Amino acid sequence: MNILLISPEVFPFAKTGGLADVAGALPEALAKKGHKVSVALPYYQLVKKNGFKPVLFKKNISLRINNREELFNLLLLKHNGVDIYFIEKNEYYDREFLYGTPQGDYQDNAFRFAFYAKAILASIKDIGKQDIYHCNDWQSGLIPLYIKTHYKGDPMFNNVKVLFTIHNMAYQGLFVKDVVPYLDISWDLFTPFGVEFWDKLSFMKAGIIFSDAISTVSKGYSKEILSSEFGCGLDGLLKSREKDLYGITNGVDYSLWNPAIDKFIARKYDERDLSGKAECKKDLAKAFKIKYNARRPLIAMITRLAEQKGIDLVVNIMKDILKEADFVILGFGDEKYNNIFKGLAKKYKGRVGVSVKFDNALSHKIEAGADMFLMPSRYEPCGLNQMYSLKYATVPVVRAVGGLDDTIQNFNAATKKGNGFKFKDATNGALSGAIKDAVTVFKNKKLWGGLLKNCVACGYSWESSAEQYLKLYKNL
Ligand code: ADP
């Protein structure tokens with residue numbers, strides 16, 4: 001099959017969260033199975049900063065947007081068996097961030113991502129005919145709409161199938177309706193049964209309505225989003241498409257996330273001998289200026305600093321955490337939380353370490369050096385760090401929600417089964433309780449050792465997730 005994966009972020013070129021990891025690993029896994037796989041993303045400033053130099057593939061391709069002709073360049077980089085196409089349009093993408101600054105979204109995101117969609121479709125005659133368009137999140141939501149309307153009857157789009165994968169229901173790409181005609185969207189579609197959402201244009205609705213199938217990144221989340229609690233106002237629409245809605249849990253790219261070969265960590269180790277982890281903990285404590293103590297658990301987080309991640313609960317119970325443990329966090333996001341965590345680091349010097357930035361190398365050090373990894377998310381479509389943590393023998397403490405609930409089983413000291421600690425309610429008390437349980441087991445060396453063995457025995461390779469995507473593509 002010819003498969004085109006459309007994702008606004010792709011590791012290692014440009015990443016803000018888990019979507020990039022998925023869009024980096026899934027295409028390679030599909031290509032290994034013999035398919036022709038291409039990926040398309042904007043040519044952000046970050047791609048250049050990360051040191052990638054794609055070559056010019058086609059100059060001055062034209063498209064119509066905003067009632068005028070616009071030009072862009074199509075760039076290409078061949079990477080691990082996958083063709084990575086970049087849309088070069090500097091006025092839209094040559095900016096410091098991908099979607100917005102810590103103060104808020106870029107004002108012209110509707111145009112930036114409508115342009116992205118149009119540019120990809122305008123490039124198909126150069127890229128080649130595709131069988132599957134695999135769109136990801138709202139930024140690619142107009143692709144299915146344009147395919148099913150503007151390109152209807154075009155031989156390049158005969159028999160193509162579109163899958164729309166939702167990595168997060170809460171980010172829907174909502175814009176004032178004034179932009180509708182400028183993006184070449186017919187007013188006929190601007191109804192509650194179409195792309196209108198409370199008088200705004202919804203890119204996410206366009207993706208859900210015009211795709212042949214919809215998927216989310218875990219089975220649990222695919223069920224949760226049918227409820228008003230998690231559906232973010234689109235549960236009714238999703239219910240109407242329930243028979244086309246799938247859940248496929250993300251995999252882990254073990255060529256990147258594996259302590260046996262990880263180039264960022266102080267000492268390599270593997271499931272047969274975890275002794276190297278002590279050295280990694282020392283190294284991590286040093287990086288965050290925490291007083292190293294082998295007998296005191298070091299609890300860590302790596303996260304976008306957004307409400308979704310339950311970080312307010314962590315702030316609330318910090319005093320409790322510090323009674324029995326030390327804490328480090330690598331995070332970046334809302335200005336409010338950037339500042340709150342910086343404040344905590346000052347207040348609890350030597351006990352709380354905070355790094356407010358995006359830092360891939362440091363994220364690996366944390367996975368290797370921490371004893372426990374905290375994910376108290378309010379909702380979590382899949383979550384990757386709990387799966388990375390398992391591989392690094394870092395025990396996940398998670399809220400029982402979405403993909404976290406699917407991948408983590410509560411440790412039972414009597415049966416010695418389970419690979420982490422789970423709590424149900426998004427409350428200070430429930431989170432504190434789960435951390436206390438984890439610390440209690442940590443103090444019992446034998447039990448803790450058994451738990452670590454359970455963790456490293458879990459495998460979530462892309463091999464099996466890619467197989468499930470292929471099956472879904474074929475069924476379309
Ligand atoms: P989400 O996609 O909602 O952000 P996931 O758990 O699915 O959450 O994926 C987050 C990914 O982003 C992980 O690979 C995590 O290590 C990474 N990440 C998040 N914040 C940072 C940061 N500040 N620095 C480095 N990596 C980060």
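Hydrogens, waters and symmetry mates are skipped; everything else that's a heavy atom, side chains included, is used. First listed ligand is number 1; within each ligand, the first listed atom is number 1. The structure displayed is predicted, hence computed values, not measured ones.
Annotation for ligand 1: atoms under 4.0 Å from non-hydrogen atoms of D21 are 13 (C), 14 (O).
Counting only heavy atoms of the protein, atom 5 (P) of ligand 1 lies nearest to L384 N, 3.8 Å. Ranking the protein heavy atoms by distance from atom 13 (C) of ligand 1 puts N385 OD1, 3.4 Å first. The protein atom (non-hydrogen) at minimum distance from atom 24 (N) of ligand 1 is D359 N, 3.0 Å. Shortest contact from atom 2 (O) of ligand 1 to any protein heavy atom: G18 N, 2.7 Å. With hydrogens left out, the protein atom closest to atom 21 (C) of ligand 1 is F358 CE1, 3.4 Å, a heavy atom. Closest to atom 4 (O) of ligand 1, if we only count protein heavy atoms, is R304 NE, 2.8 Å.
When W138, F203, F175, Y92 are each tested for a ring-ring contact (aromatic ring centres under 6.0 Å, His included) with F113, only one passes: W138. Of the listed residues (I147, L5, I3), just one forms a side chain to side chain contact (heavy atoms under 4.5 Å, CB included) with Y133, and that residue is I147.
Under 4.0 angstrom from ligand 1, the non-hydrogen atoms of T303 all belong to its backbone.
For E279 and Y269, the side-chain atoms include no donor-acceptor pair closer than 3.5 Å. If you check the side chains of S389 and E367, you find a donor sitting under 3.5 Å from an acceptor. One side chain, Q308 or N168, offers a donor N or O that lies under 3.5 Å from an acceptor on the other. Donor-acceptor pairing under 3.5 Å is recorded for the side chains of D253 and S255.
Residue contacts with ligand 1 include K309, since one or more of its heavy atoms lies under 4.0 Å from the ligand. Using a non-hydrogen distance threshold of 4.0 Å, F11 does not register as a contact of ligand 1. Residue contact annotation: G331 has a non-hydrogen atom under 4.0 Å from ligand 1.
Of the listed residues (K357, K15, H364, E9), the one carrying the non-hydrogen atom nearest atom 23 (N) of ligand 1 is K357.
Put simply, the side chain of N136 gets close to the backbone of H134: a donor and an acceptor are under 3.5 Å apart. When atom types are taken as modelled, the side chain of N454 and the backbone of A457 share no donor-acceptor pair closer than 3.5 angstrom. Within the 3.5 Å criterion, the main-chain N or O of A40 finds a donor-acceptor partner in the side chain of Y116.
Residue-to-ligand polar distances keep N360 apart from ligand 1: every N/O pair is separated by 3.5 Å or more.
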